[in-house]
Amino acid sequence: MIEQTLVLIKPDGVERALVGEVLTRLERVGLKIVGMKMVLVDKNFARRHYAAHVEKGFYKGLEKFITSGPIVAIVLEGLHAVEQVRKIVGGTEPRTALPGTIRGDYAHHSYEYTDKKGIAIKNLVHASGSKKEAEEEITLWFSEKEIHSYQTVHEKHTF
Ligand code: CDP
Ligand code: MG
């Protein structure tokens, strides 16, 4: 049940100074940060991360967006971490993402607008969509040495 999942604060989230806000929302439910770094990715790396989307119409805009500035990459650990993080992050399209979610509260892009403009949906955060995706993405973004094992105060003093 204890899983690890990958979260990326995309260039729009970093540029809008929402790193702290995003981390607060993820940490406060009890998820543990076990890896974190700031990275600027190139086109080749973007293609590996978004391999499932390379053939899609929106990929060109997505590649331009994801390589446009630094990203904060985080590995979070906790019970049902993949599902929990997706719940906190919200739906892909900010227009329809529920209020209370990161994408619903801090962004408002719509498919209608971005498809017309040929740009990516700026939705602040990436979160692994399944356990399998999480395992592949963590291996892509982090070396074993960059993933840390430690006890939180709750683990140390509560249980
Ligand atoms: O990020 P998520 O797993 O919610 O969505 P996805 O379907 O895996 O798409 C990956 C990313 O591509 C999205 O988060 C958007 O930033 C972008 N995208 C887009 O720009 N235009 C679309 N029509 C669909 C996705
Ligand atoms: Mg996805």
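Only this structure's heavy atoms are used, side chains among them; waters, hydrogens and symmetry mates stay out. Whatever order the structure lists them in is the order used to number ligands and atoms, beginning at 1. Residue indices begin at 1 and follow the sequence shown.
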Under a 4.0 Å N-O cut-off, is there an ion pair linking [X] with [Y]?
{"X": "Glu136", "Y": "Lys132", "answer": "yes"}
{"X": "Glu155", "Y": "Lys32", "answer": "yes"}
{"X": "Arg48", "Y": "Asp42", "answer": "no"}

query: ligand 1: which residues have a non-hydrogen atom closer than 4.0 Å?
result: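 These residues qualify: Lys10, Tyr50, His53, Phe58, Leu62, Arg86, Thr92, Arg103, Tyr111, Asp115, Ala120, Ile121, Asn123.
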task: Report yes if the distance between the aromatic ring centroids of Phe45 and His49 is under 6.0 Å, otherwise no.
output: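 They do not qualify: ring centres at least 6.0 Å apart.
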- request: Would you kindly check if the NZ (Lys) or CZ (Arg) of Lys10 is within the cone defined by 45 degrees around the ring axis of Phe65 and under 6.0 Å from the six-membered ring centre?
  value: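 The answer is no; the distance or angle limit is not met.
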- prompt: Roughly how far, to the nearest 0.5 Å, is CD1 of Ile121 from CZ of Phe58?
  reply: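 Taking CZ in Phe58 and CD1 in Ile121, the distance rounds to 9.5 Å.
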